[in-house]
Amino acid sequence: MKTILKLRDLTKKFGSLTAVNALSFNIQKGNVYGILGPNGSGKSTTLGMVLNVVNPTSGSFEWFDGNMTTHNALKKVGAIIESPNFYPSMSAEDNLKLVCKIKEVDPSKIDHVLDIVNLKDRKKDHFKSYSLGMKQRLAIASALLNDPEILILDEPTNGLDPQGIHQIREIIKRIAADGMTILLASHLLDEVEKVCSHVIVIRNGVKLYAGPVDELNATHGFFELKSEDKEALKQLLDAHEAIESYDEEENNLIKAILSQPYEAEALNKECFENNILLTHLVKRKETLEEQFLKLTKNQ
Amino acid sequence: MKRLFLIEFHKLKNNRAAKILSLIYFILFSAIALFASIRFNFGSIDFRLADQGIFNFPYIWHFNAYIVAFLKLFLAVVIVSMVSSEYTNRTLKQNLIDGLSKKEFILSKFYGVLGFAIASTALLFIVSLILGLIFSDYDEVGIIFSDLEYIFAYFLKLIGFFSMCLFFGILLRRSAFALGFLFLLWIFEGIIQLFVKFQAESLEFIINFLPLQSMGNLIIEPFSRLGIIKSAATQLNSEFEKSYDVEWSAILIVLSWSFIFIFSSWKLLQKRDL
């Protein structure tokens, strides 16, 4: 598998604050990566460094096996950082023409990318007349101009209204389905969960986890249980070999964590045989959010 | 080089403020010529600037280059704002992300400066040539194309001045600050000159190295020379001969300043996190 980006002990200090601390990870072609981290965890600084706008304090990174300069490599990358930045008095089309000149690509693709983000009929309008959602969509169009090897999106739905968020997500999903490598930084976990195959979790500039989403927490999931006869249910869970531990949650809900693979059907049967009638039974895996909170809390 | 110039040209072409200011600049430029050819009639006084000998070849090169240089302030505003707006719109950041290197960014700005300087110089040459051909008392080819070093000096003066504006724009990131700083520098140089003149005459050589003064030294004021030319017929031997030539030392100093400004802009940008 082709490596697109390699980070080695990348570090950035702002005075006494270490924003990014010896971060190392690889980005492989074809995967969709999510960078997760609370606000101020160093996500944007990390992206800023690999995108040539922030100077690393130490460590290194290399694009495409390191055989080209960073700014030339960036011509093969599409990236949006925070807010969409364009020339306000230029039309969308002229802004994209400028990007084509910088990236040295043919301007004939402009109409095509504007079509992808549904802005074709507004292409002659000044950028400053656009709504935030439209600006963000234009930024995505701009990032797609060069058929990038990787698309980097930093908080692409920040500040958008629900409709705008939905539109951006649909666009991202569509692009991801076409097999493009994507690196998505976000603190919105459901956003990442919906599209990413791999995650990199950072907190205070330190990497906590990097790998496939499903391996982030290699547990067997848990049951959510509810019964009128709560004490009997608890007794059963205490004695059960497959249940590692259980917690009482609100609404008399019991959360029983599995220590080995176990089916909901079997548990239901056992309960019934012990005269415990369940009013609620769900087996599920922890959401990315729960896994993430656990991970960032533990360390 | 062509790519970088086209990038900058595309930005300027689509920037309304830059377009309007440049237009005003070039119109004023031509208007000066028109103004000079107007005949003033105040009763008994019949006066026409053009008849005072200012448009005689080769003096016209010197005179026009000196006068028109004041208009460079207009373009200074354009240049400062074309740099600082890249900061305020955060488009500098986007340019870098899109694959422009910091060096290329500075170079593209410098090519913009070069473009403005070349256009101004070409216009100065054409306008002066036309005015000269209309009003000059001498029209031999040898005389017409003598003393052209003033045109070159004008070009260099613009390069130096615009490079300085570029640097201030990069340094301060806001047009108002950069222009204010330019004004402060002007006052500061004035104070130094006064100080040196009255307190430390041995340091007088320093004055020629000050950035604004060195640019001013490129083209010496032409007014006293006009008097000399007019009175030359009656006074064959003047006791004191002032040199109006474009000095090599001034050329070298301005070239060095231009290089320093552009190079520091690049180094400054390289050091910065955006």
Side-chain angles (χ1 to χ4, degrees), chain A residues 12-15 19 44-45 47-57 63 68-105 107 126-128 138-139 142-143 145-146 148 152 154, chain B residues 1-23 77-78 81-109 111-112 115 169-170 173 175 266-274:
Chain A
K12 178 67 188 178
K13 289 183 178 151
F14 293 110
S44 293
T45 310
L47 293 182
M49 281 192 276
V50 298
L51 291 174
N52 209 12
V53 292
V54 175
N55 299 316
T57 308
W63 286 101
M68 57 174 80
T69 57
T70 303
H71 77 272
N72 274 326
L74 289 182
K75 288 176 188 161
K76 304 207 286 174
V77 173
I80 311 169
I81 279 217
E82 294 152 8
S83 57
N85 305 319
F86 289 100
Y87 294 86
S89 59
M90 270 191 217
S91 68
E93 195 181 17
D94 281 328
N95 265 305
L96 292 189
K97 274 183 189 163
L98 182 65
V99 176
C100 285
K101 283 198 173 86
I102 292 175
K103 287 193 182 285
E104 294 181 281
V105 293
H126 285 180
F127 175 68
K128 60 186 168 205
L138 181 64
S142 161
L145 269 177
N146 54 342
I152 297 179
D154 187 7
Chain B
M1 176 171 172
K2 190 180 158 210
R3 165 175 166 257
L4 296 179
F5 176 75
L6 287 179
I7 286 172
E8 190 52 40
F9 185 69
H10 187 90
K11 290 176 187 172
L12 285 169
K13 193 179 73 183
N14 292 296
N15 182 330
R16 190 188 285 169
K19 252 195 315 208
I20 292 175
L21 273 171
S22 313
L23 205 67
V77 176
V78 175
S81 71
M82 86 187 185
V83 176
S84 53
S85 70
E86 300 268 7
Y87 273 105
T88 44
N89 295 332
R90 298 157 72 83
T91 41
L92 165 56
K93 195 172 172 179
Q94 193 60 45
N95 281 178
L96 297 183
I97 291 171
D98 285 338
L100 206 65
S101 71
K102 288 178 174 176
K103 189 176 171 183
E104 283 177 335
F105 179 81
I106 296 291
L107 274 178
S108 82
K109 290 292 172 202
Y111 292 151
I170 298 273
R173 307 177 216 195
S175 354
W266 174 43
K267 282 293 160 197
L268 196 65
L269 196 61
Q270 216 171 30
K271 263 186 67 184
R272 268 199 192 142
D273 293 328
L274 298 160

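Being a predicted model, the structure only gives us computed values, none of them experimental. Labels below follow one simple rule: chain letters A, B, ... track the order of the sequence lines, proteins then strands, and each chain is numbered from 1.
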If you tally heavy-atom pairs under 4.5 Å against chain A, which of T91(B), N95(B), L274(B) wins?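 It is T91(B).
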For [X] and [Y], which heavy atoms make the closest approach, and how far apart are they?
X: V53(A); Y: I97(B); result: CG1-CG1, 4.1 Å
X: M90(A); Y: N14(B); result: CG-CB, 3.2 Å
X: N55(A); Y: D273(B); result: N-OD1, 2.7 Å
X: P88(A); Y: N89(B); result: CD-ND2, 3.3 Å

Given that the side chain runs from C-beta out, which part of [X] has a heavy atom under 4.5 Å from chain A: side chain, backbone, both or neither?
X: Q270(B); value: backbone
X: R90(B); value: both
X: K13(B); value: neither

Contact between L96(B) and L51(A) at the side-chain level, heavy atoms closer than 4.5 Å - yes or no? no
Checking [X] against chain B: side chain, backbone, both or neither under 4.5 Å from a heavy atom?
X: K76(A); value: neither
X: S83(A); value: side chain
X: F86(A); value: backbone

Just do the side-chain hydrogen bond (donor to acceptor under 3.5 Å, both in side chains) check on K101(A) and H10(B) with the steps written out, would you? CA-CA 9 Å; K101(A) 283 198 173 86; H10(B) 187 90; 3.3 Å; yes
CZ (F9(B)) with more than 12 external heavy atoms under 6.0 Å: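 It does not: F9(B) CZ has 12 such atoms or fewer within range.
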Take a 6.0 Å sphere around NZ of K13(A) and say whether it holds more than 12 heavy atoms from other residues, nucleotides or ligands. no
In terms of heavy-atom pairs under 4.5 Å with chain B, which of L98(A), N72(A), V99(A), V54(A) leads? L98(A)
Looking at L145(A), N85(A), N52(A), I80(A), which has the largest count of heavy-atom pairs under 4.5 Å with chain B?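 Among the listed options, the one with the most contacts to chain B is N85(A).
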Report the distance from atom CD of E104(A) to atom CG of D98(B), rounding to the nearest 0.5 Å. 12.5 Å
